[in-house]
Colleague: 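The structure follows.
The shown structure was predicted, so the numbers you read here are calculated from the model rather than taken from an experiment. Note on naming: letters A, B, ... go to the chains in the order of the sequence lines (proteins, then strands), and numbering restarts at 1 for each one.
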Amino acid sequence: MEQVVVNGLFSGAQYSLIALGLTLIFGLMNVLNFAHGQMYVLGGLVTYTIVTFGFGFIPPDAFTIFGIDFIFPIALICAGMVLAILGALFEKLLFRTVIRRSKRDESTMLLAAATAFLLDASLLLIFGEKLHSVPDLVDGIISTDLEPVFPAIPFSDSFNLPYYKLLLGVIAFVMILLFVAGMRFTRPGRAMRALAQDRMAAQLMGVNVGRYTMIGFAVGAMLAGMTGGLLLAASGGIQATEGGAKSILAFEMIMLGGAGVTGGAIAGGFILGMMQSVGHSFLGNFTDLVIFAALVVFLSIRPQGLMGKPWG
Amino acid sequence: MSLSKNILRHMTGVAGATALILATSSLTGTLTTTARAADELHIGFVGVTSGPAAAWGTSNKRSMETRADWLNETGGVEIGGKKYKIVIDSFDDQKDPKLAIEGINQMISKGVHYVVGPNTDDGASAVRPDAEAKGVIYFPYAFPKELYTKPAKNAVLGMIANYQSGPAIFKWLKDNEKLQTLAMIAANESDALSQRDGGMAAAKAAGLKVVSGTVTYQSDTTDFAPILTPVIKSKPGAIYLAGVSPAHAPRIIKVGRELGFKGRFIATTGMDAKVLKEGAGDAANGFISVGGASTPELASPMMKEFVTRYTKKFGEYNDESNTKVYALDYILETLKANPKAMKDVNEFKKTIDSFSANNPFVNGGDKPNMKMRYVGMSSFGQKRQIFVPMVINEYRDGDFKTLFVGQAD
Amino acid sequence: MERFPSNPNLPSPQRGNLSNLSRFVQESRPTWPWLGTVFALILLFFVIPDFIASMRPEKQGLIYYQFTQIALLSIAAAGVWLTFYIGRINIGQGALCLVGAYVSAIVQVKLDVSYWLTIPLAGIFCVLVGIVIGWPILRLRGVYFAMITLILTEVAKLVVLNFPIVTNGARGITNIPLPEAVTLFGFTILPEFTADNNRMYFYFLSMFVMVLTFIALFRLVHSRIGRLCKSLQQNEELASSLGVNLVLLRLIPFCISCFMGGVAGALAAGVQHNVGPSIFTVQDSVNYMLYCFMGGLGNLFGPLVGTVILRMGWNYLTAAGDYQLLFYAIALIILMLIIPNGVMSLSPVRIYQRVVGWLGNRRPTLNTVPHNRKS
């Protein structure tokens, strides 16, 4: 059971991070960002490129100081910046125009899908279809091999956790905390929360709607990118074509937790991660079917998800 | 590094394609029937070259293009006393059977009689009616037996099927390493699940006990720890990864080792050593897979040149192309043996039974057991499979080492 | 046009989505539908086949197949459009198509029922499925409904894969016979489909069903239920306060949508002679939605126009080789920026007014100088 719980928590941390950016963009703009998964992949691949090849003339091992390799955090930040710029551009050049000119909010879904196609096509052309991975951040593993941790307790089983996963889990946790704190205590964070709550009221109170929407989109994209970088290291690599599926996964999580709510995304991620982990251990090939069915039943009882407001 | 080169290449590519599209759109009005040069031989490819499964079709398409360029460079192919330039017409079916049908019809409309692909079970089944009605021989990379057994007529399996390699591997492991138990996992997809069922039968036939066989994963899974935990708990001697894609294998292997699994991983699909090295590193040591029909000892100078040309053209090589290079040569060699088959696929089918030619891609390709020929009698009851050496590889420190070489008959 | 607040507490606002063209359609109801139908029938059953017959024989199969696909996809997309009409974004039509295809295949192969009967049967089965899923999830709105329908296709695929006793699992059903002839009192009403002519006959069949679908859609939209649905799209609370049975009103169009999905699926199973779990995927579901958006949500011919444009555009871009998807995406983005409300939102009258307005605006700028000086 220990292994199952650890697996669930680790998956959950990954999922929460994926869902956070999506829920932010959704909360601010009512846009279901189909391209979220692709942004995530782009972030991962930018990180991969920098970690593997450095910055053109500077080789990657130039960043090793006192025996600690700093290339990964640097690459992660770069990925975040690239995606933030891309997100801002997308918002400013595409989404803003379409939202202004279209009669129905949902028209942005076509645009979002189109941007997803665009990123998908470009990523496949540039990076190819192969899996790209980076070396583990740190070596070593906490392991009881295949022996139970507490042989006396009935459900106890073996426990294995590599240090790099532990480290990534901690980073993910810190990132989630930073994001939540940023949304709660900084001025742009407050502005964005106000926008998500009631756009018109926020506008009346003097919030610069256009500017903060753009910042929000950029932050959402940045989160996606950094998550991509983190998960590149956490899940053994990243493939240029896996973006679409990640978007759908993220949709499931924000549905579960409640769209547009930060806490909901985090909760949704952890619950889904845990459900998958437990499910695979006990339900075999019916796991995914059962999870989907449970999700449909849950949502028909509680349409707004766990923490969402009714009719988001 | 190849990335910037790659981007540059694509920028010129985009410019070229734009020009092409503009040109075709301005020309379609005037040239509705584009005259085909008389000395061109068109061979089709219908398969998946985009989306998550892009790896499968891309290696096909690139192999064909590389080989065609090479043949054209040396003056083309002589069939029936006439030189032909080889042209590859390719169609991306995006793994969608509906598009695969459209692809095969497009080939029919261009008068193409020989098509490589599709890459998936569903796609191959979908194109069968049209291919049989309109006279197209196709070379699927899909394993369902009903495609190749009677009454099916026109499909020729382009590689070694898992129900051929699986038994061989299981038997070898049982004899040499005293393997007793086996676990299987598969993606929730047609191809992988039917390969798992095939593997299940093969394991039974080999006398292995399957301790865990129901665990499946969604094909978009990236975190395999939850999936592998129950499998490893059942303490199998080896884990068979049914129909695993080259991108999933390193992830599964890495997580499996982290969870404490010590036995071997087995796959009956082609793998990529570079990806395994990058993604799983030493954890992948001992991983058994069906190699790309070539080993350092087997590879002839011509195979080596093919690899060089491929790498030069596309910036990287895919080990699977060692198998996928064969289809085009089989088509051309069979046409050479019977030039009448150029226009009539029934002639091709007649030739299949007696066809035999030297195999240029292996050393000793003129020996009877290595010659190019059609096989499949024991699996399908008729010759509907190309002969390629069944190379069973073991991954070891960044490279594949040949475990043993077998044959399908 | 300023953006409306996206307050999650408010229902999605409605901004008069009747384009001039559809208003024209609505107002000139007595003569237009019959004229249009006759015109469409002549075009689809005489002009296009005649045109195809003039092509090389090897090419005919391809062209028939491409038109058949457009017909099938637009039938399914019409269903999606109908759910848009009640203010729901449906990204799950692929699931219903998959169910329809499998129902048709299973009933034919296992129970030996004629293909012709399986088409309505698949539709009816999908209606039952629609009631079971629609009844709970139609309470969801906006993006929630969209997201939950998005996973339906995956659910359908998993069901097919995990219950092999009924569905033959991963291997699919590969031995669907071609439709046989139907005779009544010695007259052949429906001809036998053979390996040689089935592409052409399936073209006629699917075009016929497509015409029926759009006639039905037209009747529905202009019926009492249709007008009530429209009120739903605008404000559900208001509609319910007027005594409309909301649950039923949402369920009826959704079930009709499911019926269309099922029929499209059954047709696809026939056209393809076999079904497998990947015959309809999430990608298809997303595509149906895109077709509707591209065609325009305000006009009931939107899904048809959208299907034609996107499908033909995609085929055309085959010339771009590896860059097909890239070009497709760029074209989509550009189209979205130019016509965010879909192709059918463009009406000749509007364009004329735009142009005149634009020209008209030019001249007054010259006159502003004295005007300003006066003040």
Colleague: Within the 4.5 Å heavy-atom criterion, are B/Gln106 and C/Gln66 side-chain neighbours or not?
Modeller: yes
Colleague: Over all heavy atoms of both residues, which pair between B/Ser194 and C/Ala170 is shortest? Give the atoms and the distance, please.
Modeller: N-CB, 4.0 Å
Colleague: With a 4.5 angstrom heavy-atom cut-off, is it the side chain or the backbone of B/Glu102 that approaches chain C, or both, or neither?
Modeller: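 Backbone plus side chain of B/Glu102, per the 4.5 Å heavy-atom cut-off to chain C.
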Colleague: Given heavy-atom pairs under 4.5 angstrom as the criterion, report whether the side chain, backbone, both or neither of B/Thr49 touches chain C.
Modeller: neither
Colleague: Check whether any side-chain heavy atom of B/Asn105 sits under 4.5 Å from a side-chain heavy atom of C/Gln60, and report yes or no.
Modeller: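 They are not in side-chain contact.
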Colleague: I want to check something: taking the side chain as every heavy atom from C-beta on, are B/Asp121 and C/Arg171 in contact at a cut-off of under 4.5 Å?
Modeller: no
Colleague: Would you say that B/Ile101 contacts C/Gln272 through its side chain, given a criterion of any heavy-atom pair below 4.5 Å between the two side chains?
Modeller: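 Answer yes - side chains close enough.
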Colleague: Can you pull the ring pair (Phe, Tyr, Trp, His ring centres under 6.0 Å) pairs that have at least one residue in residues 49-77 of chain C, sequence neighbours excluded?
Modeller: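 Matches after skipping sequence neighbours: C/Tyr64-C/Tyr203.
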Colleague: CG/C/Asn162 to OG1/B/Thr216 distance, rounded to the nearest 0.5 angstrom?
Modeller: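 One gets 6.0 Å once the value is rounded to the nearest 0.5 Å.
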Colleague: Quick check on C/Ser278 against chain B: is it the side chain, the backbone, both or neither that has a heavy atom closer than 4.5 Å?
Modeller: both
Colleague: For B/Ala124, which residues count as a side chain to side chain contact (heavy atoms under 4.5 Å, CB included) partner, sequence neighbours excluded?
Modeller: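 Side chain to side chain contact (heavy atoms under 4.5 Å, CB included) check on B/Ala124 returns B/Pro118, B/Pro140, B/Ala142, B/Leu147.
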Colleague: So for C/Leu158, is it side chain, backbone, both, or neither that comes closer than 4.5 Å to the heavy atoms of chain B?
Modeller: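 Looking at C/Leu158, just its side chain touches chain B.
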Colleague: Keeping C/Arg56 on the side-chain end and B/Ser109 on the backbone end, is there a donor-acceptor pair under 3.5 Å?
Modeller: yes
Colleague: For side-chain contact (heavy atoms from CB on, under 4.5 Å), just list the numbers for C/Ile279 and B/Asp122, CA-CA rounded to whole Å, side-chain angles, deciding distance to a tenth of an Å, and then say yes or no.
Modeller: CA-CA 8 Å; C/Ile279 180 170; B/Asp122 286 358; over 6 Å; no
Colleague: I'd like to know which of C/Asn315, C/Leu325, C/Val275, C/Leu72 tops the heavy-atom pair count under 4.5 Å against chain B.
Modeller: C/Asn315
Colleague: With only heavy atoms counted, which part of C/Glu154 is less than 4.5 Å from chain B, the side chain, the backbone, both or neither?
Modeller: side chain
Colleague: When you compare the side chains of B/Ser125 and C/Asn274, does any donor N or O come within less than 3.5 Å of an acceptor on the partner?
Modeller: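 C/Asn274 and B/Ser125 do not have a side-chain donor-acceptor pair below 3.5 Å.
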Colleague: Which atoms of B/Asp130 come close to chain C, meaning under 4.5 Å heavy atom to heavy atom: side chain ones, backbone ones, both, or neither?
Modeller: side chain
Colleague: Quick one: of B/Glu189, B/Glu146, B/Gln218, who has the most non-hydrogen atom pairs under 4.5 Å with chain C?
Modeller: B/Gln218
Colleague: Show your reasoning for whether side-chain contact (heavy atoms from CB on, under 4.5 Å) applies to B/Leu99 and C/Gln69.
Modeller: CA-CA 9 Å; B/Leu99 280 173; C/Gln69 283 298 309; over 6 Å; no
Colleague: Would you please test B/Lys98 and C/Asp284 for salt bridge (charged side-chain N to carboxylate O under 4.0 Å, His left out) and show each step?
Modeller: CA-CA 10 Å; B/Lys98 300 192 288 302; C/Asp284 288 290; 3.0 Å; yes
Colleague: Can you tell me which of B/Ser90, B/Gly123, B/Ala126 forms the most heavy-atom pairs within a distance under 4.5 Å of chain C?
Modeller: B/Ala126
Colleague: Once rounded to the nearest 0.5 Å, what's the spacing between atom CD of C/Gln324 and atom CD of B/Gln94?
Modeller: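 One gets 6.5 Å once the value is rounded to the nearest 0.5 Å.
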Colleague: Report yes if some heavy atom in the side chain of C/Leu62 is under 4.5 Å from a heavy atom in the side chain of B/Ile108; otherwise report no.
Modeller: no
